[in-house]
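Heads up, the thing below is written out as structure tokens.
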Number of protein chains: 2
Amino acid sequence: MMKVLANLIEEMGATIPFPRGAAIYRESDPASYLYKVAAGTVRSFKTLNNGRRQIGAFYLPGDIFGLEAGEFSAEAITDAKLLMIERKALVALAARDNDVAHQLWSLTSRELRRVQNHVLLLIQSAQERVAGFLLEMADRVPAGGEIELPMPRQDVADYLGLTIETVSRTLTHLERRGAITLPTSRRVVHCRSALNQINAESGWQLRGTTGQACYQ
Amino acid sequence: MMKVLANLIEEMGATIPFPRGAAIYRESDPASYLYKVAAGTVRSFKTLNNGRRQIGAFYLPGDIFGLEAGEFSAEAITDAKLLMIERKALVALAARDNDVAHQLWSLTSRELRRVQNHVLLLIQSAQERVAGFLLEMADRVPAGGEIELPMPRQDVADYLGLTIETVSRTLTHLERRGAITLPTSRRVVHCRSALNQINAESGWQLRGTTGQACYQ
DNA sequence: CGTGATCTTGAGGGAATTCAATGTCGGTGG
DNA sequence: CCACCGACATTGAATTCCCTCAAGATCACG
């Protein structure tokens with residue numbers, strides 16, 4: 001029977017509660033643990049020398065994270081429960097068990113693909129970034145047609161490389177366009193096809209040619 | 001004696017020449033090989049639905065690449081010689097040899113860190129992006145104080161999420177500032193400390209007040 | 001009901017893009 | 001050898017998009 005990483009963490013790890021805002025690890029810390037989110041939401045981020053903050057990822061229930069520890073910091077966005085397992089233990093296990101080794105590799109590969117997609121988000125227009133972000137979140141939470149954002153606007157902004165004002169404006173703009181509705185500031189009822197269309201539309205228009213109907 | 005991945009590729013792989021501009025693999029291809037650059041330069045990129053192109057990485061002699069195959073395409077920027085090895089063969093070897101498994105993981109982790117740094121580049125101002133790019137290249141090629149860029153401006157632009165005009169203007173701007181000299185358009189004599197200073201300067205300054213403890 | 005945190009909206013300015021034209025370099029053929 | 005060509009690069013003018021600064025609105029909570 002193959003050992004599944006997620007299960008291993010549950011069997012071998014301890015569950016620790018982190019209150020809203022609590023630090024899980026810091027950039028300066030040695031990377032000692034891997035984590036699985038049992039409940040709540042986590043942000044992984046880096047603070048640049050100029051004081052700005054870049055959020056590298058949001059981790060939701062079920063996600064495993066901590067691979068980027070040592071480079072990034074992590075904090076609980078909401079009250080959270082985390083399963084923790086020592087990296088040492090996993091690496092030792094991987095040395096004896098190929099399944100585990102392979103899954104550590106897979107996990108890293110998945111993370112790599114995630115960051116590559118993040119790059120693709122960051123080169124687009126504000127509208128496309130926000131639309132892309134909403135689609136990403138919609139894919140990750142079960143509920144159909146509606147998302148409850150666990151993070152404040154500032155976190156969204158720092159994830160997308162925008163300002164909080166631009167995020168806010170863009171959301172109302174998307175609402176006016178009919179791509180989403182905002183019953184409350186954190187709840188987003190979305191029209192997936194409309195959001196997809198925005199991404200297909202090419203924010204700064206395809207140079208030269210037709211370039212119609214962007215931003216109204 | 002531990003098996004070193006780079007050596008394995010050389011021992012087990014075949015050397016293939018690729019002329020300037022030749023495709024190495026395409027996004028649609030199955031990811032069958034890992035490559036090591038013996039000579040020349042390679043670009044890995046993705047073409048977005050709107051026609052724009054994002055370059056994910058440049059690979060120089062000595063670099064191993066191909067992990068992102070299946071998601072990205074790769075082309076030779078200059079005439080290149082590549083060592084190729086089947087992924088299958090490596091994965092099979094990894095199943096028996098922990099060293100190999102561990103190195104495949106390390107390679108992926110390094111790539112992950114590289115892409116994370118790319119994200120940090122992309123959220124900065126044009127000047128910082130170009131300065132950061134030059135510093136990155138300077139770190140990767142041996143010669144001290146001078147770089148020979150193997151890629152055209154368009155590639156630099158697509159790597160940095162800028163237009164070719166902005167890259168060009170920014171380079172002349174850096175030259176006027178005294179951070180670099182451009183004997184020819186592809187050769188860059190750089191002053192590392194000046195470039196570093198530009199990055200420290202924070203293109204867009206920290207907003208608001210003292211930059212204390214926002215986000216709790 | 002006030003207080004602070006979060007979010008939205010507006011006005012103005014700056015930075016990068018777009019469009020367009022000119023400049024440079026290496027190669028090829030007259 | 002030089003004129004011409006195409007690929008690559010630089011520069012300028014106008015525009016667009018996003019940021020900055022500032023004020024107001026909304027929400028949660030004591």
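Since the structure is predicted, the reported quantities are computational estimates derived from the model, not experimental observations. Quick note on labels: first sequence line is chain A, next is B, and so on, each numbered from 1.
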Measure from the side chain of [X], starting at C-beta and using heavy atoms only, and say which of [options] lies closest.
X: S185(B); options: dT8(C), dT18(C), dA9(D); answer: dA9(D)
X: R20(A); options: dT6(C), dC7(C), dT20(D); answer: dT6(C)
X: L162(A); options: dC18(D), dA16(C), dT10(D); answer: dC18(D)

Q) Starting at the 5' end of DNA chain D and moving along, which residue's nearest nucleotide shows up first, P183(A) or M151(B)? A) M151(B)

Q.
Using salt bridge (Lys or Arg N to Asp or Glu O under 4.0 Å), reason through D63(A) and R140(A) one step at a time and then give a plain yes or no.
A. CA-CA 10 Å; D63(A) 291 341; R140(A) 292 174 67 187; 2.7 Å; yes

In this structure, how many angstroms lie between the [atom2] atom of [N] and the [atom1] atom of [X], rounded?
X: I164(A); N: dC18(D); atom1: CD1; atom2: P; answer: 17 Å
X: I198(B); N: dA15(C); atom1: CD1; atom2: P; answer: 14 Å
X: H173(A); N: dG10(C); atom1: NE2; atom2: P; answer: 13 Å
X: I123(B); N: dA15(C); atom1: CD1; atom2: C1'; answer: 16 Å
X: L149(B); N: dC8(D); atom1: CG; atom2: P; answer: 15 Å
X: Q127(A); N: dT17(C); atom1: CD; atom2: C1'; answer: 17 Å
X: L182(A); N: dC27(D); atom1: CG; atom2: P; answer: 12 Å
X: N50(B); N: dT17(C); atom1: CG; atom2: P; answer: 14 Å

Q. Have Q154(B) and R53(B) got a donor and an acceptor in their side chains that come within less than 3.5 Å?
A.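 Short answer, no.
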
Using only heavy-atom distances, decide whether a donor-acceptor pair under 3.5 angstrom links the side-chain of [X] to the base of [N].
X: R176(A); N: dT9(C); result: no
X: Q154(A); N: dC7(C); result: no
X: E165(A); N: dC21(D); result: yes

Q) Where is the tightest heavy-atom contact between R129(B) and Q124(B), given as atom of each residue plus distance? A)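 So the minimum-distance heavy-atom pair works out to NE-O, 2.9 Å.
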
Q) Would E146(B) and R187(B) pass as an ion pair if we require N to O under 4.0 Å? A)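 Yes, this pair counts.
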
[N], OP1 or OP2 - any side-chain N/O from [X] closer than 4.0 Å?
X: R186(B); N: dC8(D); answer: no
X: T172(B); N: dT10(D); answer: no
X: R169(B); N: dT10(D); answer: no
X: T166(A); N: dC18(D); answer: no

(Q) A side-chain contact here means heavy atoms from C-beta on lying under 4.5 Å apart; do L121(A) and E136(A) qualify? (A)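 Yes - at least one pair of side-chain heavy atoms lies under 4.5 Å apart.
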
